[in-house]
Amino acid sequence: GHLKAMAPTGETLQERSKGKDVRTSNIVAAKAVASAVRTSLGPRGMDKLMQLPDGEVLISNDGATILSKLNVLHPAAKMLVQLSQSQDIEAGDGTTSVVVLAGALLDACTSLLEKGIHPMAIASAFLQASDKAVAVLTNISKPVNLGDRDSLLHSVETCLSSKVVAQNTDLLAPIAVDSVLGIVEDPLKSTNVDLRDIRLVQQMGGTVDDTELVQGLVLHKGSKKTAGGPSQMKDAKIALLQYCLSAPKTDMDNNVVVSDYAAMDRILREERKYILQQCKVIKKSGANVVLIQKSILRDAYNELSLHFLAKMGILVVTDIERDDVPFICRTLGCTPIAHPDQCKADKLGQAEHVGDVVMEGGNTKVVKFTGVLNPGKTMTVLLRGSNDLVIAEASRSLHDAQCVVRSLVKQKALIAGGGAAETEVALQLQAYAQTLQGKDAHCIEAFAEALEVLPYTLAENAGMKPIEVVTELRKQHAAGVKGAGINVKKCCVDDMYNLHVVQPLLVSTSAIQLATETVCMILKIDDLVVVA
């Protein structure tokens, strides 16, 4: 008899085509973000000029800064922006490379998905590959000692080479290293350092060359000159006032109507007496420098109080921001005084010299505190530059450089820069893939190829022929030259360790781990639900 083809009775799960479309659109959107910063990778990378909605202009080379200012609408692309920010928090440097790497991995995913490999299979193979990559990096890294100043300087110089202030590296690199090492509690034991203990004070005028590291404190405004008070003070005893040196006010709005002069005089006399009393208390505590915190509710000071303080020979600095108070207290060792009754000698901080310094090349003055009693708790860097854009970018670059030193404090190991580490990892991962079978081997090979996008992009940005360069790199690494990388200045392949192009291990390992995690997350998404 004729056997009819039986129609399947059980329900089969039809794979929805929507999952594919969503995944493709996510990958395309995320790759678009990656290609936006790809040109700014490396010492020959270009900068981006951004015009913010409020009309402000920003020039930057730092991946995290560029992406955080982008107005990204697509949810998957937002993940890449957050990726670069988490790299910024974790390692501080390598924010561009991490996004470029994620873009390359997504590119690899596209071809793997087209071959019909299941997204979860790709994700698990990628995670396996990233663990292996971190192991390889740790294996080829060289240990570094925080006392070894030269290696620290080399890694900072490598970080600064891609920034706008690259020509001032000789000056900024030592500043970055010294400022971080100055606040590390114990160079041998500590595993982290708080960069908030380093204050960057920006001052217009002069050039970036005038930037200096101050052991002590710099306040970005000069002292009050109005009543002829002193502007220099030796052996300073510093009081930080959080109360107001002016006549008291009631809590509600009130008016006192005075009709005759005698009563008016009486009010003024009371006011004078009140303020004089307050000033005498300050003088009695032995303070000869007074910092007054900004106040919104009423005048923090008035002409009268400034006059009395000037007569007593006290240097006054006003408008201290509330946010700066803890930093100032830590630096000078003083305690903020919240009420006149607490004004005692034990609350004062000390410094050998306090004085106004005129900034050359500008008409501004800053107050500088030098010879602080307990150095080693905080550092101040006085940044100079000819315009706001330069200063802002110098400040970001310096922060990146300090983060590099911090990564070395966290994990005391260096690896070669210039695409050397990535090529070495790619090589060893390919060898590892040969030992596996099935889909995993295929995915790990794709992962290894994606890592080579970093040296490829470096070469491309430097105007070299990328394919030739990457092939040459592979050849040298296969021959056992672990440090072979791209010499951007001479446009050839060189040993990076001889050129002192090195970077902290933490920067690369965290970049690979974070990029892989993000890519796996994007792969796992198969539907986009908009909840309005």
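Qualifying side chain to side chain contact (heavy atoms under 4.5 Å, CB included) partners for Val501, counting only residues two or more places apart in sequence or in other chains: Thr158, Met496, Leu499. Taking Asp62 as the reference, Thr65, Thr95 meet the side chain to side chain donor-acceptor pair (under 3.5 Å) condition, with sequence neighbours excluded. Applying the side chain to side chain donor-acceptor pair (under 3.5 Å) test to Thr457 and every residue at least two apart in sequence or in another chain returns Arg38. Taking the side chain to side chain contact (heavy atoms under 4.5 Å, CB included) definition, one finds that Val37 meets it with Ser40, Ile66, Leu67, Thr96, Val99, sequence neighbours left out. In this structure Val366 satisfies the side chain to side chain contact (heavy atoms under 4.5 Å, CB included) test together with Gln203, Val218, Val357, Met359, sequence neighbours excluded. Scanning for side chain to side chain donor-acceptor pair (under 3.5 Å) contacts around Gln476 gives Glu472, with sequence neighbours left out.
A pairwise comparison of heavy atoms in Ala32 and Ser35 identifies O-OG, 2.9 Å as the closest pair. The two atoms that bring Gly205 and Arg384 nearest to each other are O-NH2, 2.9 Å, heavy atoms only. The shortest heavy-atom contact between Gly42 and Ser162 is O-CB, 3.3 Å.
Judged purely by atom type and a 3.5 angstrom limit, Gln87 uses its side chain to pair as donor or acceptor with the backbone of Val507. Between the side chain of Lys368 and the backbone N or O of Gly216 there is no donor-acceptor pair closer than 3.5 Å. Between the side chain of His477 and the backbone N or O of Ala484, at least one donor-acceptor pair lies under 3.5 Å. Within the 3.5 Å criterion, the main-chain N or O of Leu523 finds a donor-acceptor partner in the side chain of Arg23. Side chain of Asn461 to main chain of Leu41: a donor-acceptor pair is present (N/O by atom type, distance under 3.5 Å, no hydrogens or angles).
From Ile122, atom CD1 reaches atom OG of Ser111 across 8.0 Å, with rounding to the nearest 0.5 Å. Note that CD1 of Ile320 and CD1 of Ile292 are 9.0 Å apart. Values are rounded to the nearest 0.5 Å.
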Table please: side-chain donor-acceptor pairs of residues 43-59 below 3.5 Å, with sequence neighbours left out.
residue: Asp47; atom: OD1; partner: Asn61; partner atom: ND2; Å: 2.9
residue: Lys48; atom: NZ; partner: Thr39; partner atom: OG1; Å: 2.7
residue: Asp54; atom: OD1; partner: Glu56; partner atom: N; Å: 3.3

Show me the donor-acceptor pairs, under 3.5 Å and distance only, between side chains in residues 444-455 and residues at least two apart or in other chains.
residue: Glu452; atom: OE1; partner: Arg474; partner atom: NE; Å: 3.1
residue: Glu452; atom: OE1; partner: Arg474; partner atom: NH2; Å: 2.4
residue: Glu452; atom: OE2; partner: Arg474; partner atom: NE; Å: 2.8

N/O donor-acceptor pairs under 3.5 Å from side chains in residues 129-141, not counting sequence neighbours:
residue: Thr138; atom: OG1; partner: Val134; partner atom: O; Å: 2.6
residue: Ser141; atom: OG; partner: Thr138; partner atom: O; Å: 2.9

Check your understanding: side chain to side chain contact (heavy atoms under 4.5 Å, CB included) between Ile183 and Ser179: does it pass, once the steps are laid out?
Key -> CA-CA 7 Å; Ile183 59 171; Ser179 63; over 6 Å; no
Practice item. Might you work through the side chain to side chain contact (heavy atoms under 4.5 Å, CB included) test for Ser508 and Ile415, ending with a clear yes or no? Key: CA-CA 9 Å; Ser508 295; Ile415 51 176; 3.3 Å; yes
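Gln428 and Glu424 form a side-chain donor-acceptor contact under 3.5 Å, judged by distance and modelled atom types alone. Looking only at atom types and distance, the side chain of Gln128 has a donor-acceptor partner in the side chain of Tyr432 under 3.5 Å away.
Every pair passing salt bridge (Lys or Arg N to Asp or Glu O under 4.0 Å) that includes a residue from residues 145-171 is listed here, sequence neighbours excluded: Arg149-Asp178, Lys163-Asp400. The salt bridge (Lys or Arg N to Asp or Glu O under 4.0 Å) contacts involving residues 71-88 comprise nothing, where partners must be two or more places apart or lie in separate chains. Identified under the side-chain hydrogen bond (donor to acceptor under 3.5 Å, both in side chains) test for residues 316-326, with sequence neighbours left out: Arg199-Asp324, Lys221-Asp319, Lys294-Glu321.
Between Asp356 and Gln232, the closest side-chain pair of non-hydrogen atoms falls below 4.5 Å. Thr211 has its side chain within reach of Val381: a pair of non-hydrogen atoms, C-beta onward, lies under 4.5 Å apart. Within the 4.5 Å cutoff, the side chain of Val372 has no heavy atoms near those of the Leu217 side chain. Contact annotation: the side chain of Leu181 approaches that of Leu152 to within less than 4.5 Å [non-hydrogen atoms, C-beta and beyond]. Residues Ile328 and Phe369 are not in side-chain contact: their nearest non-hydrogen atoms beyond the backbone lie 4.5 Å or more apart.
Exactly one residue among Val184, Asn192, Leu506, Thr191 makes a side-chain contact (heavy atoms from CB on, under 4.5 Å) with Val409. That residue is Val184.
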